[in-house]
Amino acid sequence: MGAPIVIIGAGIGGLSAAIHLAAAGERVIVLEKNAATGGKMGEVEADGFRWDTGPSVITMRPVFEDLFRTANRRLEDYLTLLPLQPLTRYFYADGSVLDVDADPQVTAERLERYHPGDGDGYLRFLRYANEIHEATGDVFIYGAPPTWQTLMGVNPLRMVKTDALRTMQAAIESFVRSPQARQLLGRFATYTGASPYLAPATLNVIAHVELNGGVWYPQGGIAQISKALTRLALELGVEIRTGCHVEGIELRFDRVVGVRAAEERIETNRVIANVDVISVYERLLPPIPRVRRELARLTKLEPSSSGFIMLLGVGGEHPQLAHHNIFFSGDYADEFRDIFQRGLPPRQPTIYVAITAKSDPQHAPPGSENWFVLINTPPDSEGTKSSFDWRSQAGNYSRVALDRLATAFDVDVRGRIRTQQILTPPDLEALTAARRGALYGQSSNDRMAAFRRPHNRSTAVKGLYFAGGTAHPGGGVPLVTLSGKVAAAMVSADR
Ligand SMILES: Cc1cc2nc3c(=O)[nH]c(=O)nc-3n(C[C@H](O)[C@H](O)[C@H](O)COP(=O)(O)OP(=O)(O)OC[C@H]3O[C@@H](n4cnc5c(N)ncnc54)[C@H](O)[C@@H]3O)c2cc1C
């Protein structure tokens, strides 16, 4: 066997690439700086509570089934993916509550009570979102990155179906009228760290994958996914070295010749970086002119939103809450203006609360709950736009959120928090190496984002590939899994 393929980072994209390559008979070494694999898909335990610290909503089950099939395995032998019901419970500022059911017909009947015709509008919206999925799937999601050439080959009628010329919100308003239905459908922009008022309507495809395809919970916690992929990679012969911080990728002219870690150097001509793409150009590559040019292009791209996270061990149980809960703000448009135009954490935030103890009771001591609370925020300011200082303001902001839950929704946990950890955008950057704490890489607010996003094959350095949330097809667990597949296919094709 020749030199190994080196993968830097054991996040989901890196593990997916490793599995694809090892299943194809390649020798693969994964170098991970942390003590554990999984990257952003982390977990922590404290005082009898357990939390997932990163992703909490898993969609697109077929993507994971496909990955296991690649290695001649069955997902069911590694993971128990439970379908969630309701998918999410939505609490609105006017006091109304909506359970979104896995069966769209049931949700449609519930929406009808907010505005006559919205039930039908919802079902028509889901058919439209499904059509976007059919029109965009192979060009923007499941295959190699889109180029002008691939687009030229697409039937013009299909291009129209991508609905790229209006915003998500404009499209949603053409189907449903009630604020409840509009806020529910607009919310899916946040799955790519974008705003429904700015992002192209093409992103309504995200509603399709969740509302038509369902939400899945891996029994034991979301981190079971990274554990299952790690197990599979090891079974296929992948060598995973944790605690191994890569310090540089070595080049001869513009071609990869090796990887340098603290204690060793590995000779290789094929590297997949499962690391934030900008960090690779900025910190891991020598500053040759081609690298500097690509870095200058990438740093101009707007990062996606970040998040303010509270991991709360809450005394007492809340039967009125489900596994996934959203407490909406009263003025969604203004909330997104705060995040993307004013560069401020929303003054009146939408608050997401996930409680895995609803599905896995052992995640919290009896009579208590493990709350993962997430609020969308701008990426860390780094001297741009806002000057919000998370280091001094995190405590105040957690009070804003908990006061709002108590006063607007009558869910008051303020005197019952037994243990808590807070993660701000700068903490996320430090923990996950996500530039400015952006959760989903580059922002999708711009119609051209899918074209500007880094491809999985470096244009500046030969033998360098990218898998992960900052490369095609974008952030989120299913998409980074696909990203690993695309990067692996490119490595194999270039052999
Ligand atoms: C709070 C939060 C909530 C989220 N919610 C959801 C959700 O509900 N649903 C969803 O689908 N997605 C969600 N996401 C996004 C999802 O978690 C990510 O898109 C995905 O996990 C990123 O995977 P990745 O392959 O890009 O690798 P990452 O997770 O970014 O991992 C990269 C790995 O590379 C390692 N590394 C970096 N530099 C080096 C180096 N120099 N040497 C060695 N190793 C290195 C890191 O330690 C890390 O392990 C969320 C993310 C966060 C943070």
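All ligand and atom numbering here is 1-based and tracks the order in the structure.
- Atom CD of Glu264 sits in a crowded spot, with more than 12 heavy atoms from other residues, nucleotides or ligands closer than 6.0 Å.
- Considering Val259, Thr432, Asn274 only, the shortest heavy-atom separation from atom 32 (C) of ligand 1 involves Asn274.
- Every atom of ligand 1 with a heavy atom of Asn34 under 4.0 Å away is listed here by number and element: 47 (O).
- Taking only non-hydrogen atoms, the option from Ile309, Ile12, Ile8, Ile222 nearest to atom 1 (C) of ligand 1 is Ile309.
- The residues Glu369 and Lys358 are annotated as salt-bridged, a charged nitrogen and a carboxylate oxygen being separated by less than 4.0 angstrom.
- With Leu428, Val480, Ile249 as candidates, the residue nearest to atom 20 (C) of ligand 1 on a non-hydrogen basis is Val480.
- For atom 45 (C) of ligand 1, the closest non-hydrogen atom on the protein side is Lys33 CG, 3.8 Å.
- Here the heavy atom of the protein found nearest to atom 47 (O) of ligand 1 is Glu32 OE2, 2.7 Å.
- Each of the atoms 29 (O), 31 (O), 48 (C), 49 (O) of ligand 1 lies under 4.0 Å from some heavy atom of Gly39.
- A tilted orientation is assigned to the rings of Phe336 and Tyr197, their planes being inclined by 30° to 60°.
- In this structure, Thr53 counts as a contact residue of ligand 1, since one of its heavy atoms falls inside 4.0 Å of the ligand.
- Remark: Arg255 does not engage Glu250 in a salt bridge, criterion side-chain N to carboxylate O under 4.0 Å.
- Interface of Gly13 with ligand 1, defined as ligand atoms under 4.0 Å from a residue heavy atom, comprises 25 (O).
- Crowding of Glu267 atom CD: a count of heavy atoms from other residues, nucleotides or ligands under 6.0 Å not exceeding 12.
- Comparing Ala10, Gly54, Gly307 by heavy-atom distance to atom 2 (C) of ligand 1, the nearest is Gly54.
- A search for side-chain hydrogen bond (donor to acceptor under 3.5 Å, both in side chains) contacts involving Asp52 returns Arg50, not counting sequence neighbours.
- Assignment of Tyr440 to the shell around ligand 1 is supported, since a heavy atom sits closer than 4.0 Å.
- Sorted by first then second residue, the salt bridge (Lys or Arg N to Asp or Glu O under 4.0 Å) pairs that include residues 229-238, not counting sequence neighbours, are Arg73-Glu235, Arg231-Glu235.
- Distances below 4.0 Å separate heavy atoms of Pro478 from the following atoms of ligand 1: 11 (O).
- Ring geometry, Trp51 versus Phe49: the interplanar angle falls under 30°, so the pair is classed parallel (tilted spans 30 to 60°).
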